[in-house]
Amino acid sequence: MNPDRRDRLRDAAIEVLARDGGRGLTHRAVDRTAEVPSGTTKNYFPTRDAVLRAVAERCLEQYLALTDQLAAGPGPADREALVTLFRSLLENVAGPGRSRLLAVLELQAEATRRPWLSGILDPMASGDFAGFELAQRAAGLPVTRQRAAVVTLALHAAVPHLLTDGPGTLAAAGLDDPDRFVRDLLDTVYPPDANDRTPRRATAP
């Protein structure tokens, strides 16, 4: 089978899943989005599970390409560079990464009923925990596994809120300003002056 057409179908399936959700992921919908003759998707991916697997594998490929690109660089040299890195990742959620991340959320829901999907998706989440910990170490922060995990979990938790774009929720979480969100997160987990823990005295109103 034609590998270029296969990738075109897989990319179209990501768009369908992101746009229409799991119920909208049909062979015909992928055919229409890919602008190929009716029946093409079914020839490449005969069942719905085969389409889901194709989407998951394509999302993983895109994730690995992104992480390889980041790993090829020197890594954040200091705290400020780490802020820039994490902020850019959050900004990517509403930008180029939106369709892939929406598709991944749909796949995660499907994985609760199809455990084999979890095996394909798992390297993405586990890769973030390892990669984000390395980034925090490169920036010179006093990293422990637990601290690094807290930062990664907070960034992961931000994703669905950024995708749904509810102004009240974004404001409540501080995500209406991604730069401030990242700085506050790092300041909470890694206080800038860890030796200065003196409580501030309350002032009279």
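These numbers come from the heavy atoms of this one structure, side chains and all, not from hydrogens, waters or symmetry mates.
Between the OG1 atom in Thr40 and the CE atom in Met1 there is a gap of 10.0 Å [rounded to 0.5 Å]. Remark: His156 NE2 to Met124 CE distance equals 10.5 Å, nearest 0.5 Å. Taking CG of Leu185 as the reference point, atom CZ of Phe86 lies at 8.0 Å (rounded to 0.5 Å). Rounded to the nearest 0.5 Å, atoms CZ (Arg58) and CG (Asp11) are 4.0 Å apart. In this structure, CZ on Phe132 lies 9.5 Å from CG on Leu82, to the nearest 0.5 angstrom. The CG atom of Leu175 sits 4.5 Å away from the CZ atom of Phe181 when rounded to the nearest 0.5 Å.
For the pair Arg19 and Ser99, the minimum side-chain heavy-atom distance is 4.5 Å or more. Counting heavy atoms from C-beta outward, Arg100 and Leu66 have side chains that approach closer than 4.5 Å. Side-chain contact between Val143 and Tyr190 is present, with at least one heavy-atom pair separated by less than 4.5 Å. Put simply, the side chain of Arg32 does not reach to within 4.5 Å of the side chain of Ser38, judged on heavy atoms. The shortest distance between side-chain heavy atoms of Val30 and Arg8 does not fall below 4.5 Å. Proximity of Leu105 to Gln108: side-chain heavy atoms (C-beta onward) are separated by under 4.5 Å at one or more points. Counting only heavy atoms from C-beta outward, the side chains of Leu25 and Val51 approach each other to under 4.5 Å.
Counting only distance, with no hydrogens or angles, the side chain of Ser126 and the backbone of Asp122 share a donor-acceptor pair below 3.5 Å. Side-chain atoms of Arg48 never come within 3.5 Å of backbone atoms of Thr26 as a donor-acceptor pair (strictly under, hydrogens ignored). A donor-acceptor pair under 3.5 Å is absent between the side-chain atoms of Asn92 and the main chain of Gly95, judged by distance alone. Using a distance-only test at 3.5 Å, with no hydrogens or angles considered, no donor-acceptor pair links the side chain of Arg183 to the main chain of Val83. For Thr84 (side chain) and Glu80 (main-chain N/O), a donor-acceptor pair under 3.5 Å exists by modelled atom type.
When all heavy atoms are compared, the tightest approach of Arg87 to Val182 is N-CG2, 3.9 Å. Contact detail for Pro191 and Thr188: the closest heavy-atom pair is CD-O, 4.0 Å. Shown here for Pro123 and Leu60, the closest heavy-atom pair between the two residues is CB-CD1, 4.0 Å. Summarising the geometry of Phe45 relative to Ala54, their closest heavy-atom pair is CE2-CB, 3.6 Å, with the distance given to 0.1 Å. Scanning all heavy atoms of the two residues, the minimum distance from Leu17 to Val55 falls at CD2-CG1, 3.9 Å. Smallest separation of non-hydrogen atoms from Leu85 and Ala135: CD2-CB, 4.1 Å.
A salt bridge is defined here as a Lys NZ or Arg NE, NH1 or NH2 lying under 4.0 Å from an Asp or Glu carboxylate O, and Asp187 with Arg180 fails to meet this definition. With respect to the salt-bridge test (charged N to carboxylate O, under 4.0 angstrom), the residues Glu110 and Arg114 qualify. A salt bridge links Arg10 with Glu61: the distance from a Lys NZ or Arg NE/NH1/NH2 to an Asp or Glu carboxylate oxygen falls below 4.0 Å. Checked for salt-bridge contact, Asp49 and Arg53 miss the test: no charged N lies under 4.0 Å from a carboxylate O.
Clustering ILVMFWY residues whenever any of their side-chain heavy atoms sit less than 4.5 angstrom apart, transitively, puts Leu121 in a cluster other than the one holding Leu102. Under a hydrophobic-cluster definition in which Ile, Leu, Val, Met, Phe, Trp and Tyr are linked whenever side-chain heavy atoms come within less than 4.5 Å, directly or via other members, Leu162 and Leu107 are assigned to different clusters. If you chain together hydrophobic residues whose side chains sit under 4.5 Å apart, Val104 and Leu64 fall into the same group. Placement of Val150 and Leu155 within a single hydrophobic cluster is found when ILVMFWY residues are connected by side-chain heavy-atom separations under 4.5 Å, directly or transitively. One hydrophobic cluster holds both Leu89 and Leu141 under the rule that ILVMFWY side chains link at heavy-atom gaps under 4.5 Å.
For the residue pair Asp31/Thr41, the side-chain donor-acceptor check at 3.5 Å is satisfied. Between the side chains of Thr33 and Glu15, no donor N or O sits under 3.5 Å from an acceptor N or O.
Annotation: Tyr44 is not in aromatic contact with His27 [ring centroid separation under 6.0 Å not met].
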Give the C-alpha distance, both sets of side-chain angles, the deciding distance and a yes or no for side-chain hydrogen bond (donor to acceptor under 3.5 Å, both in side chains) between Tyr63 and Asp128.
CA-CA 10 Å; Tyr63 168 83; Asp128 276 353; 2.9 Å; yes

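More than 12 heavy atoms of other residues, nucleotides or ligands shown are found within 6.0 angstrom of CZ on Arg113.
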